[in-house]
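In the text below, chain A, chain B and the rest are named by the order of the sequence lines, each starting its count at 1.
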Amino acid sequence: MTDTEKKPLNFIEKIIEDDLASGKITQLHTRFPPEPNGYLHIGHAKSICLNFGLAKKYGGTCNLRFDDTNPAKEEIEYVESIKEDVKWLGFEWHGDIRYTSDYFDQLYDWAIYLIKEGKAYVCDLNADEIREYRGNLKQAGKESPYRNRSVEENLKLFEKMRAGEFAEGACSLRVKIDMAHPNMQMRDPVIYRIKHTDHHQTGDKWCIYPSYDYAHGQGDAIEGITHSICTLEFVEHRPLYDWFIQNLPVPHTPHQYEFSRLNVNYSVTSKRKLKQLVDENIVSGWDDPRMPTISGMRRRGFTPKSIRDFVDSTGVTKVDGVVDVSQLEFAVREDLNTNAPRAMCVIHPLKVTLTNYPADKVEEMSAPLHPQREELGTRTLPFTQTLYIDKADFQESANKKFKRLVLNKRVRLRNAYIIEADEAIKDENGNIIEVKAHIIEDTVGKNPQDGIKAKGVIHWVSATQNVDCDVHLYDRLFTDKAPDAGGKDFMESINPDSLKIVTGCKAEVNLAEPRTDIPYQFEREGYFFADSKSDGKRVFNRTIGLRDTWASRS
RNA sequence: UGGGGCGUCGCCAAGUGGUAAGGCUCUGGGUUUUGAUCUCAGCAUGCGUAGGUUCGAGUCCUACCGCCCCAGCCA
């Protein structure tokens, strides 16, 4: 997406433009607020692109805020990986990194304010009792017997909570709204709970922690966030969000807007499920190239731009949908096709001996790094008497649709000569182990003088001057389009062939020290990215294959 | 309906009363030293269903149907 064409505005952009036009806001301020309790995945990428993208588009700012209100689930390791992922995707947060925990003192003071206003109380009901008193979807709840404690008593009790005088679960601070409210979120929600757990940012300073609902909007208000964008499951929290903003002396009035989460078929994104895949060794880790995590996609070779383009292509709406992976694959291929340098690698080597080519001769073939982009320059390929071509590119006989090497027929060796096959050498089991062929003289960069053209082009590599490598071929992790839909057990549709390791592949010499910033296109095979975790061994992860209309037709 | 959100092509998605954009996928043709790229063409008489208002409705009204979310001291 090169541009700024007249792409229609999404509903959030319309709201922003209206707010800017009406003077409701003078500058846009957004935020990306992950909880550091796991690795970011493609769904988060959408939120990142939306929040940072909007700020950029409208000349505003976007904060990175760790929503760290639950120390029991969070770890510093996750804040580090999240920072890395956001930067890698190409975004820069405004100013310092924010933590909701930076506001714990202010939040505590506001809790006391609510108590003094008679709007919050310490409740001694335990979790089970609170659930019972809450009622259910069709029945109003009952008020807690502790709901009418005096301000003084609440103040004293809350101070004791903070001082660590109660065990976890002994009591909680609740806000007094309406136990009969049709919206369950408004039935006196808990805003502070006791957790005798150290926090990765605040250490042992606190033993009571604010809830998400109580902390989020206030964090937005403190940071001057104008548009607090989140996903659809928070729609019913909005009245609560607004309640806090209205009932507390906050410095700004932020507003929450919800859009639908990004889902991609043939994959799962729930943290719990991704963790299960890791724990049960279905994948090698959170950054396994088959994972929908940002780190997994990075290791696989997806580029930041391809992910951004994909996310932008899916639109911002309130419709629950599932985007087809083909849309993601398209974005990856689109970017890689225009930017990946070309190279040749024979994955299933078959030896070819050129009987009319001198054994000691080496010709330096020049090949462009990109066929459509001359400015990228060229590379050199040694051409020798013995070569490797792919086993799939030779057949003793074939019909006319087979555009590769066939006995007594010609084929073009990419960036080199046209050759003609003369004989197939087989082992005792009848397997072809070598092909004898001869070159057609004077066909480098030109057609044969006898007018008999080659019908196809295949890739090759010198059998004496090449580098060994392994190739990891990835396929989708699940065979089911919706692995976890309708309560299905996603573990039952794991694709047993999601990874095929091929060893003994032969790559052109220029791949001896492969680039680590972008995948290569192994011509006719696909895009391959040097694996970042295979030191010592040369391993290429197949990012994605080339579009193949041939395979689907046959 | 307890309350809330949502229903336009296989998948995303424009459309805000004037006679259904675009992208992905798919299907054909052309170019091509990657069966890639590029390029040309095709692909919703119909917008969850049924009525109604209107000269005219995906857009307004009514009823119905379907899907998703909420009963954590998770976020």
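In terms of polar N and O atoms assigned as donor or acceptor, the side chain of A/K14 comes within less than 3.5 Å of the base of B/U16 in a complementary pairing. Looking at A/Q327, its side chain has no donor and acceptor atom pair within 3.5 Å of the base of B/U25. The base of B/U34 sits with one of its N or O atoms less than 3.5 Å from a complementary donor or acceptor on the side chain of A/R342. If you check distances only, the side chain of A/E74 never reaches the base of B/A75 with a donor-acceptor pair under 3.5 Å.
Counting non-hydrogen atoms of neighbouring residues, nucleotides and ligands closer than 6.0 angstrom, the NZ atom of A/K275 reaches no more than 12 such neighbours.
Taking the six-membered ring where the residue is Trp, A/H41 and A/H44 present tilted rings, their angle falling between 30° and 60°. Between A/F528 and A/F522, the angle of the ring planes stays under 30°, which puts this pair in the parallel group of the 30/60° scheme.
Using a 5.5 Å limit on the distance between ring centres and a 30° limit on the angle between planes, the aromatic ring of A/W550 counts as stacked on the six-membered base ring of B/G35.
Not counting sequence neighbours, A/R542 has no partner by the side-chain hydrogen bond (donor to acceptor under 3.5 Å, both in side chains) test.
Under the Watson-Crick or G-U wobble criterion, with both distances below 3.5 Å, B/C38 is paired with B/G30.
Taking the six-membered ring wherever Trp is involved, the centroid distance between the rings of A/F529 and A/F302 does not fall below 6.0 Å. Not less than 6.0 angstrom separates the ring centroid of A/Y78 from the ring centroid of A/H200.
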Strictly under 3.5 Å: I want the nitrogen or oxygen pairs between protein and nucleotides 2-7 of chain B, one per line.
from : atom 1 : to     : atom 2 : distance (Å)
B/G2 : OP1    : A/K138 : NZ     : 3.4
B/G2 : N9     : A/L137 : O      : 3.1
B/G2 : N2     : A/P182 : O      : 3.4
B/G2 : N3     : A/L137 : O      : 3.1
B/G3 : N2     : A/E236 : OE1    : 3.4

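Glycosidic conformation, B/G58: anti, with the torsion outside 90° of 0.
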